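Let me begin by presenting the structure, written as structure tokens, before commenting on it.
It should be emphasised that the depicted structure is a prediction, and the values quoted were computed from it without experimental measurement. The figures that follow rest on heavy atoms only: side chains count, while hydrogens, waters and symmetry mates do not.
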Amino acid sequence: MGISVFNYGANAVCFEKKGRKFGMICSWATQVDYDKIVMLLGSQSATGKNLAKGDIIGVSVLSVNQEDVKNTLGENHSDFVDKFANLDYSTISNAILIPNASVNMVVEVIDVLHLEGIEEDHLVYGLIKSYTKNDIPMMTIKG
């Protein structure tokens with residue numbers, strides 16, 4: 001099925017675990033409660049493969065002027081290249097956040113689900129522990 005029925009954002013999902021930094025762009029993400037989000041990370045994602053219940057991660061909703069960040073985090077895999085070598089970022093606990101993003105969230109992973117039909121993928125259910133917002137519009141990726 002090749003339909004695309006929504007416009008998607010560019011959301012940087014980034015964290016440090018066991019001395020390694022992981023980061024990717026996730027377009028399939030949404031808020032499902034006032035303090036809960038879900039994100040679908042593909043089976044090929046090193047970031048998704050290294051997430052577990054209880055992890056603290058950063059989710060940065062990129063702004064319209066952060067195309068370079070989208071490209072840096074969206075290309076290659078975190079287990080092959082250091083995506084953060086030339087990227088400006090900050091950390092809170094193990095969460096890696098991108099400065100000047102429209103929204104920055106520190107998220108606790110409540111669960112990583114593998115549902116029928118998307119068993120190989122990682123459906124991440126998270127609790128927003130804290131967030132900051134600014135007035136820069138969010139980046140939208142047309143599907």
Side-chain angles (χ1 to χ4, degrees), residues 1-115 118 120-143:
M1 175 146 87
I3 70 167
S4 182
V5 295
F6 295 100
N7 283 335
Y8 301 99
N11 307 293
V13 179
C14 307
F15 62 96
E16 187 168 359
K17 187 172 187 177
K18 297 180 184 173
R20 295 198 64 184
K21 292 181 182 76
F22 296 93
M24 66 170 290
I25 297 298
C26 174
S27 291
W28 293 344
T30 192
Q31 185 174 354
V32 293
D33 199 351
Y34 293 106
D35 61 350
K36 311 264 185 346
I37 62 171
V38 293
M39 303 176 290
L40 185 64
L41 310 185
S43 61
Q44 77 288 355
S45 165
T47 303
K49 289 176 186 174
N50 283 281
L51 272 178
K53 184 177 182 175
D55 285 347
I56 302 296
I57 63 174
V59 179
S60 300
V61 180
L62 298 183
S63 63
V64 292
N65 57 358
Q66 292 184 305
E67 189 81 22
D68 58 331
V69 176
K70 178 185 72 91
N71 293 337
T72 298
L73 291 174
E75 295 175 5
N76 299 307
H77 292 286
S78 296
D79 49 358
F80 295 123
V81 296
D82 180 3
K83 294 183 178 188
F84 298 91
N86 297 309
L87 195 64
D88 188 21
Y89 65 90
S90 63
T91 59
I92 296 176
S93 195
N94 291 328
I96 298 174
L97 302 169
I98 307 300
N100 301 312
S102 295
V103 181
N104 268 309
M105 294 172 272
V106 174
V107 174
E108 179 181 352
V109 176
I110 297 171
D111 209 347
V112 180
L113 306 168
H114 300 277
L115 302 178
I118 54 170
E120 295 84 20
D121 296 327
H122 313 278
L123 184 63
V124 179
Y125 180 44
L127 171 67
I128 301 169
K129 304 289 279 181
S130 65
Y131 72 94
T132 59
K133 291 179 72 171
N134 68 41
D135 293 331
I136 305 171
M138 297 174 188
M139 182 185 298
T140 300
I141 301 172
K142 295 188 174 43

With heavy-atom distances below 4.5 Å as the criterion, would you say the side chains of [X] and [Y] are in contact?
| X | Y | result |
| --- | --- | --- |
| Ile92 | Leu97 | yes |
| Val61 | Met105 | yes |
| Leu73 | Leu87 | yes |
| Leu123 | Val112 | no |
| His114 | His122 | yes |
| Leu51 | Phe15 | yes |
| Asn71 | Val69 | no |
| Tyr125 | Lys36 | yes |

Measure from the side-chain N and O atoms of [X] to the backbone N and O of [Y], and report whether any donor-acceptor pair falls under 3.5 Å.
| X | Y | answer |
| --- | --- | --- |
| Thr140 | Gly9 | no |
| Ser60 | Ile98 | yes |
| Ser102 | Pro137 | yes |
| Lys53 | Asp111 | no |
| Asp121 | Ser43 | yes |
| Glu75 | Thr72 | no |

Compare every heavy atom of [Y] with every heavy atom of [X], then report the nearest pair and how far apart it is.
| X | Y | value |
| --- | --- | --- |
| Ser90 | Pro99 | N-CD, 4.4 Å |
| Val107 | Gly126 | CG1-CA, 3.7 Å |
| Ala10 | Met139 | CB-SD, 3.6 Å |
| Asn134 | Ile136 | OD1-N, 2.7 Å |
| Val64 | Met138 | CG1-O, 3.4 Å |
| Ser45 | Met24 | OG-SD, 3.2 Å |

Item to complete: Walk me through it: do Met39 and Ile37 pass the test side-chain contact (heavy atoms from CB on, under 4.5 Å)?
Response: CA-CA 7 Å; Met39 303 176 290; Ile37 62 171; 4.1 Å; yes

Worksheet item: Do other residues, nucleotides or ligands put more than 12 heavy atoms under 6.0 Å from Asn86 CG?
Response: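 At most 12 heavy atoms, drawn from other residues, nucleotides or ligands, come within 6.0 Å of this atom.
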
Worksheet item: Within a reach of under 6.0 Å around NZ of Lys129, are more than 12 heavy atoms found that belong to other residues, nucleotides or ligands?
Response: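 Counting neighbours around NZ of Lys129, 12 or fewer heavy atoms of other residues, nucleotides or ligands fall under 6.0 Å, so no.
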
Practice prompt. Evaluate the side-chain contact (heavy atoms from CB on, under 4.5 Å) criterion for residues Leu62 and Ile25: first the C-alpha distance (whole Å), next the side-chain angles of each, then the deciding distance (0.1 Å), finally the verdict.
Written response: CA-CA 9 Å; Leu62 298 183; Ile25 297 298; 3.8 Å; yes

Spacing of [atom1] belonging to [X] relative to [atom2] belonging to [Y], to within rounding of 0.5 Å:
| X | Y | atom1 | atom2 | value |
| --- | --- | --- | --- | --- |
| Ile56 | Leu127 | CD1 | CG | 8.5 Å |
| Glu16 | Phe84 | CD | CZ | 9.0 Å |
| Glu108 | Ser93 | CD | OG | 10.0 Å |
| Lys21 | Asn94 | NZ | CG | 11.0 Å |
| Phe22 | Ile96 | CZ | CD1 | 9.5 Å |

Practice prompt. Show the numbers, then the answer: is there a side-chain contact (heavy atoms from CB on, under 4.5 Å) between Val38 and Leu40?
Written response: CA-CA 7 Å; Val38 293; Leu40 185 64; over 6 Å; no

Fill in: Pairing of Lys17 and Asp55 as salt bridge, 4.0 angstrom limit
yes

Practice prompt. Show your reasoning for whether side-chain contact (heavy atoms from CB on, under 4.5 Å) applies to Asn100 and Gln66.
Written response: CA-CA 8 Å; Asn100 301 312; Gln66 292 184 305; 4.0 Å; yes

